[in-house]
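Worksheet: one structure, shown below.
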Amino acid sequence: MSQDTVTPPASNFIRNIVEADNASGKWGGRIETRFPPEPNGYLHFGHAKSILLNFGLARDYGGVCHMRFDDTNPTREEQEYVDAILEDVRWLGCDWGEQLNYTSDYFDRLCAYAETLIEGGHAYVDSQNAEAMRATRGTLTEPGRDSPYRNRSIEDNLDLFRRMRAGEFPDGTHILRAKIDMASPNMNLRDPAIYRIRHAHHHRTGDAWCIYPMYDYAHCVSDALENITHSLCTLEFESHRPLYEWFLERLADAGHFSRPLPQQIEFSRLNLSYTVLSKRKLIQLVQEGHVDGWDDPRMPTLKGARRRGFTPQGFKLFLDRIGISKSDSLIDMVVLEDCMREDLNARAERRIAVLDPLRLVLVNVPEDHVEECFAPNHPQKPELGKRMVPLTRELWIEREDFMETPSKGYFRLRPDGEVRLRYGFIIKCTGFDKDEAGKVSCVYAEVDMDTKSGTPGSESRKVKGNIHWLSAAHAVEAEVRMVDRLFSVPAPGSRREGDAPELERDFLDDINPHSKSSTRAMLEPSLGSAAPESTYQFERHGYFVADRKDHKPGHAVYNRTVTLRDSWAK
RNA sequence: UGGGCCGUCGCCAAGCGGUAAGGCACCGGAUUUUGAUUCCGGCAUUCCUAGGUUCGAUCCCUAGCGGCCCAGCCA
């Protein structure tokens, strides 16, 4: 094999299955997957795992991945979500080619196949109401009881089903059920529903239908219709697999599909510390106003991630790193953050930003003097060039880079201490002022003119400290949003050691009160005119992105994507 | 207490009868005009437990223990 291949994908049980299928010739080397979201909400980090897995697997084995909207429940699905989902999947870099599908595209066939199920004696119309069905389903340990309508004739079932479709009955009066086994130890096999009556407007089919298929029936049929080879889903569908196979086997027997039939394979969903990934909780956060919408940079949604400055490449790195398996896991948020750092470190140009400005006056620099200094745009990529940063008598430095009484190990500026102004000169502190409140308001220093960075001999004198700065006369003011983790505990809402047995915790109580703050910062002038979504490393601080929505000419707004690692305990 | 699935280093995760990959984290040390990056080195005599089969078991068998999922006309 060639040496220049990118990092080979890690082995996992799904790839093993695909490779075994390829080896046995099961699909003739073909692989087709699908990403099947329901358009009833925004995509989150958990979906990213599924998207990258499905599209990545297809790409790696020369196949295609279909985009498919599982839109079988008209009461909760909307076009708005379809558009948003497509935008997110595209943003992640995935390409579905011609395969943009909707389960609703198959309503005709789904309905026709339901009739063949009835004709084969595999389905019946039940006329019990929902409560009666629940009451006769049994429990985990007790078998259910057959419906009194279970043995209707095929003719009656067909007639009833057609009249359901024709709109003769109100919602909830009849339902088409699979005739399997009311005593099955697998609850999903106790005559599950196939079609329910719903007089509702569908976002794509309008009012053409008043009966809609259930997930278990629609999904496997859609997979078969699209010639999907490997149908990947999360672990909670494991006990639905026998049903998936039950429908397809019967429809194949009836001649609608040929074998081999698509195979459902389950993997464990993503759990991430310091956040929540359940649709219900995410909706709650938005609806109750705990965050500023679905695209709040703190939200674990793809819209939020994008606004925060997370990158598709970072997500790919993350998913390769955590792997695919069937064990329940809780991935530490630092892993995701670190992947973003890794990607951004390689690509982001460096800029200077002073987030908490403190005035520094260089006492031996004349009022109107402008000294041109040069800073590399990327320390590891000299080909990206340098830029000029002007140094003048009055500068902004970071407030935390000066300490009147330094703590142990501190090696930045201090009274009578020396430090290098990054890309500039070594300076020595000669004094400082304090305001009425006792807060340092201005620092004075003297420049050693023989130490300019880049000039011969400038390296002869070494100082440990190295701080960043900005010319007060040149810097532009900006709003910088310090985004942090949304929750302050690893598992929001979970019990903690020492909790009283009767105590119930609410994940909302674990929201990090400091997850969002905003500051007026000083930036290099070019940062004011950068395009929205431009990403930079603010030296010694972290990675920041020009806000996609609010960053405008004359009104710079940056979001902190992630801080730099800091081995100096803050 | 029915059924299904899972249990390998702090967090992930390979391995599938031949004597414990890798990543992240962590700990050393080197380089560094970002306390960043990069680089080198260290990091499971042991695979949930207990028995058994075998020349040999994380892999097979048995019995336990722990965790997750299933009782929507949701997906």
Side-chain angles (χ1 to χ4, degrees), chain A residues 10-13 16 36-38 40 70-73 75-77 126 128-130 133-135 137-144 171-177 183-190 192-198 211-212 214-216 218-219 233-242 266 268-269 273 279 318 320-332 334-335 338-339 341-342 345-346 350 352 375-376 378-380 409-412 420-424 426 451 453-454 458-459 462-468 537-542 563-570:
Chain A
S11 154
N12 64 51
F13 78 100
N16 291 348
E38 180 186 15
N40 73 338
D70 217 336
D71 54 354
T72 58
N73 188 346
T75 60
R76 32 185 257 172
E77 293 150 8
D126 195 347
Q128 299 184 102
N129 58 29
M133 271 181 64
R134 195 180 318 118
R137 188 154 22 235
T139 67
L140 294 180
T141 51
E142 302 157 21
D171 290 5
T173 51
H174 302 277
I175 190 159
L176 184 70
R177 287 229 254 177
S184 172
N186 180 344
M187 298 289 291
N188 299 300
L189 264 26
R190 321 247 260 227
I194 299 177
Y195 261 101
R196 78 285 219 182
I197 301 173
R198 275 267 202 294
I211 57 171
Y212 293 91
M214 299 290 292
Y215 165 86
D216 282 310
H219 202 89
C233 61
T234 44
L235 250 28
E236 65 269 28
F237 292 102
E238 212 153 18
S239 58
H240 293 241
R241 192 185 340 131
E266 312 84 13
S268 59
R269 65 189 312 144
S273 65
K279 201 170 269 185
F318 174 65
D320 285 344
R321 195 163 283 181
I322 63 174
I324 297 291
S325 76
K326 296 189 71 162
S327 39
D328 297 309
S329 61
L330 178 63
I331 310 291
D332 199 313
V334 302
V335 179
D338 207 65
C339 287
R341 279 191 194 99
E342 191 168 323
N345 173 55
R350 297 325 83 142
I352 298 166
H378 191 119
Q380 279 83 44
Y410 185 85
F411 55 62
R412 279 112 89 171
R420 176 175 285 281
L421 292 179
R422 195 162 165 73
Y423 311 127
I426 290 177
T451 58
S453 294
S458 69
E459 318 237 345
K462 291 279 184 191
V463 287
K464 179 89 169 143
N466 191 309
I467 67 173
H468 62 270
Q537 183 197 95
F538 289 178
E539 293 201 24
R540 302 212 297 136
H541 283 302
T563 62
L564 249 30
R565 293 169 82 181
D566 185 5
S567 55
W568 167 252
K570 279 204 168 160

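Letters A, B, ... are given to chains in the order of the sequence lines, protein chains preceding strands, and every chain is numbered from 1.
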message: Once you measure the plane-to-plane angle for A:Tyr215 and A:His219, does it fall in the parallel (<30°), tilted (30-60°) or perpendicular (>60°) bin?
response: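 Correct class here is tilted.
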
task: Hey, can you tell me if A:His468 and A:His541 have their rings parallel, tilted or perpendicular (30° and 60° cut-offs)?
output: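 Rings of A:His468 and A:His541: perpendicular, as their planes differ by over 60°.
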
What is the separation between atom [atom1] on [X] and atom [atom2] on [N], rounded to the nearest whole Å?
X	N	atom1	atom2	result
A:Trp568	B:rA36	CH2	P	12 Å
A:Glu238	B:rG4	CD	P	11 Å
A:Glu539	B:rU32	CD	P	18 Å
A:Arg321	B:rA13	CZ	P	15 Å
A:Lys326	B:rC16	NZ	C1'	15 Å
A:Arg241	B:rC70	CZ	P	16 Å
A:Asn16	B:rA13	CG	P	14 Å
A:His378	B:rU34	NE2	P	13 Å

query: How is A:Lys279 classified with respect to the nucleic acid when contacts are heavy atoms under 4.0 Å: base, sugar-phosphate, or nothing?
result: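 Touches nothing.
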
Can you pull every protein N or O that's under 3.5 Å from an N or O on nucleotides 25-27 of chain B?
residue	atom	partner	partner atom	Å
B:rA25	OP1	A:Arg565	NH2	3.1

Any protein N or O atoms within reach of nucleotides 73-75 of chain B? Criterion: under 3.5 Å, listing atom names and distances.
residue	atom	partner	partner atom	Å
B:rC73	OP1	A:Arg137	NH2	3.2
B:rC73	OP2	A:Arg137	NH1	3.4
B:rC73	O2'	A:Arg198	NH1	3.4
B:rC73	N4	A:Gln128	O	3.0
B:rC73	N4	A:Ala130	N	3.1
B:rC73	N4	A:Gly172	O	3.0
B:rC74	OP1	A:Arg198	NH2	3.0
B:rC74	OP2	A:Arg196	NE	3.2
B:rC74	OP2	A:Arg196	NH2	2.9
B:rC74	OP2	A:Arg198	NH2	2.4
B:rC74	O3'	A:Arg196	NH2	3.2
B:rC74	O2'	A:Asn73	ND2	3.3
B:rC74	O2'	A:Arg76	NE	3.3
B:rC74	O2'	A:Arg76	NH1	3.4
B:rC74	O2'	A:Arg76	NH2	3.3
B:rA75	OP1	A:Thr72	OG1	2.6
B:rA75	OP1	A:Arg196	NH1	3.3
B:rA75	OP1	A:Arg196	NH2	3.0
B:rA75	OP2	A:Tyr215	N	3.0
B:rA75	O3'	A:Asp70	OD2	3.2
B:rA75	N6	A:His240	NE2	3.4

Ion pair check, A:Arg321 and A:Glu342, cut-off under 4.0 Å: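 Salt bridge between A:Arg321 and A:Glu342, a charged N being under 4.0 Å from a carboxylate O: yes.
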
- prompt: Using 4.0 Å as the upper bound for N to carboxylate O, is an ion pair formed by A:Asp171 and A:Arg198?
  reply: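 Not counted as a salt bridge, because no side-chain N and carboxylate O are separated by less than 4.0 Å.
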
Watson-Crick or G-U stems involving RNA chain B, each at least 3 pairs long, distances under 3.5 Å, ordered by first number: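 RNA chain B forms these stems: B:2-7 with B:65-70, B:10-12 with B:22-24, B:26-30 with B:38-42, B:48-52 with B:60-64.
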
message: Could you check whether any side-chain heavy atom of A:Leu189 comes within less than 4.5 Å of a side-chain heavy atom of A:Pro242, counting everything from C-beta outward?
response: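 Yes - at least one pair of side-chain heavy atoms lies under 4.5 Å apart.
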
message: Side chain of A:Asn345, heavy atoms from C-beta onward: which of B:rU37, B:rC5, B:rG35 has the nearest atom to it?
response: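 In terms of side-chain proximity for A:Asn345, the closest of B:rU37, B:rC5, B:rG35 is B:rU37.
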
query: What nucleotide among B:rA14, B:rA36, B:rC12 has an atom nearest to a side-chain atom of A:Ser329?
result: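 Looking only at heavy atoms from C-beta outward on A:Ser329, the closest nucleotide is B:rC12.
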
task: Mark yes or no for whether A:Arg269, through its side chain, and A:Leu235, through its backbone, hold a donor-acceptor pair below 3.5 Å.
output: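 Not confirmed, A:Arg269 side chain does not pair with A:Leu235 backbone.
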
Check nucleotides 8-10 of chain B against the protein and report each pair of N or O atoms closer than 3.5 Å, with its distance, or say if there are none.
none

task: Taking atom C1' in both B:rG18 and B:rG35, compute the distance separating them and give it to the nearest angstrom.
output: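 These two C1' atoms come out 49 Å apart once rounded.
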
- prompt: Can you find a side chain N or O atom of A:Arg350 that sits less than 4.0 Å from OP1 or OP2 on B:rU34?
  reply: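 No, because none of the side-chain N or O atoms of A:Arg350 sits under 4.0 Å from OP1 or OP2 of B:rU34.
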
- prompt: According to a strict under-4.0 Å criterion, is A:Ser11 in side-chain N/O contact with OP1 or OP2 of B:rG15?
  reply: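 Yes, because at least one side-chain N or O of A:Ser11 sits under 4.0 Å from OP1 or OP2 of B:rG15.
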
Distance-only donor-acceptor check, side chains A:Thr75 and A:Asn73, under 3.5 Å: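 There is such a pair (donor and acceptor under 3.5 Å, judged by atom type) between the side chains of A:Thr75 and A:Asn73.
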
query: When you check the side-chain N and O atoms of A:Ser327 and A:Ser329, is any donor under 3.5 Å from an acceptor?
result: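 No donor-acceptor contact under 3.5 Å links the two side chains.
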
Those residues that, when tested against A:Phe318, pass ring-ring contact (aromatic ring centres under 6.0 Å, His included) (two or more places apart):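 Checked A:Phe318 against ring-ring contact (aromatic ring centres under 6.0 Å, His included); zero matches.
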
- prompt: With sequence neighbours left out, what residues match A:His378 under ring-ring contact (aromatic ring centres under 6.0 Å, His included)?
  reply: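 Testing A:His378 for ring-ring contact (aromatic ring centres under 6.0 Å, His included), a comparison that skips the adjacent residues, returns none.
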
message: On the side chain of A:Gln537, is there an atom forming a donor-acceptor pair with the base of B:rU34 - under 3.5 Å, no angle test?
response: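 Check passes, donor-acceptor contact within cut-off.
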
field: Among A:Ile211, A:Ile175, A:Asp216, A:Leu176, the one residue meeting side chain to side chain contact (heavy atoms under 4.5 Å, CB included) with A:Ile194
entry: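 It is A:Leu176; the other options fail the test.
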
query: Does the pair A:Arg341 and A:Thr563 meet the rule for a side-chain contact (heavy atoms from CB on, under 4.5 Å), with working shown?
result: CA-CA 8 Å; A:Arg341 279 191 194 99; A:Thr563 62; 3.7 Å; yes

